[in-house]
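Just so you know, ligand 1 is whichever comes first in the structure, and atom 1 is the first atom listed for that ligand. Computed from a predicted structure; not experimentally measured. Just so it is clear, the values below take in all heavy atoms, side chains as well, and ignore hydrogens, waters and symmetry mates.
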Amino acid sequence: MKELICTTSNTHQYPIMIEKGLKSRLSQMKALFSQYHKVMIITDKNVAKEYLTEVERQVRMSGPKVYNIVVPPGEKSKCLDQASSIYNELVKCNITRSDAILTLGGGVVGDLGGFCAATYLRGIDLIQLPTSLLAQVDSSVGGKVGIDLDYGKNLVGAFHQPKAVIIDPLFLETLEDHYMIDGMAEVIKYGCISSANLFVKLMGYTYHEDLIEDIEEIIARCCQIKRDIVEEDEHEHGIRRTLNFGHTIGHVVETFYKFKKYSHGEAVAIGMAQITKKTVAEGISQADTYRNIVEILNAYGLPSKLPNMPLDKVQEILFTDKKFENEALHICALEKIGKAEIVKIQKQQAIELFK
Ligand code: NAD
Ligand code: ZN
C-alpha cells in the first residue's frame with residue numbers, strides 16, 4: 001500500500017492510502033473507524049447501487065453503527081437544498097461531534113458531504129472514500145469542500161481537511177469511460193504543472209489498457225503532487241493557484257455552453273492548450289510546450305481547440321470569475337512542461353486570452 005501523510009498548517013495530519021482492493025479491507029482499519037460511535041455514509045444513487053452494501057458491512061465490522069444518505073447523482077445535488085436535507089437527516093440520526101461522515105462517491109458527493117461535515121455542529125470528522133478518477137486524484141485531497149449557488153459553481157464552501165482519504169483504484173472498474181477521460185485531464189494537468197516525468201510517462205501509454213495497469217502508481221503520483229502543493233499553501237494564496245492551470249479559460253467555456261456541451265475535463269483541456277498557445281506566442285513558455293500539450297490531450301480523446309465564442313459574452317462570464325481580486329486575476333502559465341508559474345493579469349488583458 002502506498003501511504004502519503006498530508007500535514008496542513010494547523011498541524012492536522014492525515015493519511016492518504018492508495019491500494020487496489022482497499023474497499024474490501026475497511027474492516028481492518030479499526031484504529032480509524034473504532035474512534036467513532038456512528039458513521040454516516042453519504043453517497044449517490046449510482047455508487048450506492050454498486051458499493052454501498054459492501055462498504056456499510058465493512059465499516060460496521062470495524063466498530064461503529066452505520067447509517068446512509070443516498071443523493072441523486074450529478075452536479076445538481078451540490079446545492080443548499082440537498083445540504084439542508086442532509087443536516088436534517090444527521091439530526092434525526094442523532095449524529096454528534098464524536099461521529100463522522102464518510103463520503104463514498106465522486107467529487108460531487110465528496111464536496112457536498114464534506115461541506116456538511118465542515119458545517120454541521122461547527123464541524124465533524126470527515127473520511128473521504130473517492131470513487132471517480134477525478135475524486136481520487138484531485139477533489140478528495142486538500143480539504144476544499146463546497147456547494148454551488150444558482151449564480152455559479154463552488155460559491156459557498158470551506159477548508160475542512162479529512163481524517164483520512166482511502167483510495168481504491170478498483171472502484172474505477174465501473175466508472176463510465178467519459179468520466180475516466182475527464183479525470184485524465186486533471187492527471188495531465190499535474191504532469192504539466194509539476195512533473196515532466198509524469199507527462200512523458202503519460203505520453204507513452206496507449207489509452208486505456210496499459211494506463212489501467214499503472215493506474216495505482218499514477219494516482220499516487222498525482223496525490224503526492226497535490227499533497228505537496230496543499231502543504232505549502234493550504235489556503236491558495238500562492239502555489240496552490242497552479243492547480244487552476246487551464247481552469248480560467250475552461251470555466252468560461254463550460255459556462256458559455258451552460259455545462260452541457262463540454263465536460264469539466266474537456267473544458268480544462270481546452271483551457272490548458274489555449275493558455276499555452278498564448279504564452280508560447282509571448283515567449284513565456286518554451287516553444288514546443290503547446291505542441292506537446294495538444295498531442296497528449298488528443299491522444300487521450302480530449303479537445304484542445306478553443307471554440308468560437310463571441311467576445312462580449314466571454315467578457316461577461318470572465319468578469320464574474322470569483323478568482324478576480326482587485327481587478328486582477330492570477331493565472332497559471334507554464335515555463336515548460338513540469339514547471340508552472342503564476343502570472344498576474346489585469347481584467348482588461350484577460351480578454352486577450354480568448355483571441
Ligand atoms: P461526480 O461526482 O458527479 O461523478 C461522476 C459520475 O460518475 C456520477 O454520475 C457518479 O454517480 C458516477 N460515479 C462515480 N464513481 C463511480 C464508480 N466508481 N462507478 C460508477 N459510477 C461512478 O463527478 P466528478 O467528476 O467525480 O467530480 C466533479 C465535482 O468535483 C465537481 O462538482 C467539481 O466542482 C468537484 N471538484 C472539487 C475539487 C475540490 O478540490 N474539492 C477539485 C476538483 C473538482
Ligand atoms: Zn478541475
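D233 contributes a side-chain N or O that, together with a main-chain N or O of G238, makes up a donor-acceptor pair within less than 3.5 Å.
If you run side chain to side chain contact (heavy atoms under 4.5 Å, CB included) between L133 and each of I218, L172, D182, D138, only L172 comes through.
Within E186, OE2 is the N, O or S atom that lies nearest to the Zn ion (ligand 2).
For atom 25 (O) of ligand 1, the choice among L104, L134, V109 with the nearest heavy atom turns out to be L134. Of the candidates R240, E176, K144, K144 brings a heavy atom nearest to atom 41 (N) of ligand 1.
Near D138, meaning under 4.0 Å from any of its heavy atoms, are these atoms of ligand 1: 42 (C), 43 (C). Numbered from 1 in the order shown, with element, the atoms of ligand 1 that lie under 4.0 Å from a heavy atom of V108 read 1 (P), 2 (O), 3 (O), 27 (O), 29 (C), 32 (O). Taking every heavy atom of E75 and a limit of under 4.0 angstrom, the matching atoms of ligand 1 come to 31 (C), 32 (O). Every atom of ligand 1 with a heavy atom of F171 under 4.0 Å away is listed here by number and element: 17 (C), 18 (N). The distance from ligand 1 to the heavy atoms of S132 drops below 4.0 Å at these ligand atoms: 15 (N), 24 (P), 26 (O).
Heavy atoms of N154 found under 4.0 angstrom from ligand 1 belong exclusively to the side chain. Residue D182 does not touch ligand 1, judged by heavy-atom distances below 4.0 Å. When heavy-atom distances to ligand 1 are checked against a 4.0 Å cut-off, L175 comes that close through both its backbone and its side chain. With a 4.0 Å cut-off on non-hydrogen atoms, K226 touches ligand 1 through its side chain and not its backbone. Here H264 has no heavy atoms under 4.0 Å from ligand 1, in either its backbone or its side chain.
Side-chain atoms of T7 and Y14 form no donor-acceptor pair, as typed in the model, at a separation below 3.5 Å. No donor-acceptor contact under 3.5 angstrom links the side chains of Q28 and R25, judged on distance only.
The nearest protein atom to atom 17 (C) of ligand 1, hydrogens excluded, is given as T174 OG1, 3.6 Å; this is a heavy-atom distance.
Checking D138 against the Zn ion (ligand 2), every N/O/S atom stays at or beyond the 2.8 Å cut-off.
Contact analysis leaves E50 out of contact with ligand 1, as no non-hydrogen atom separation drops below 4.0 angstrom.
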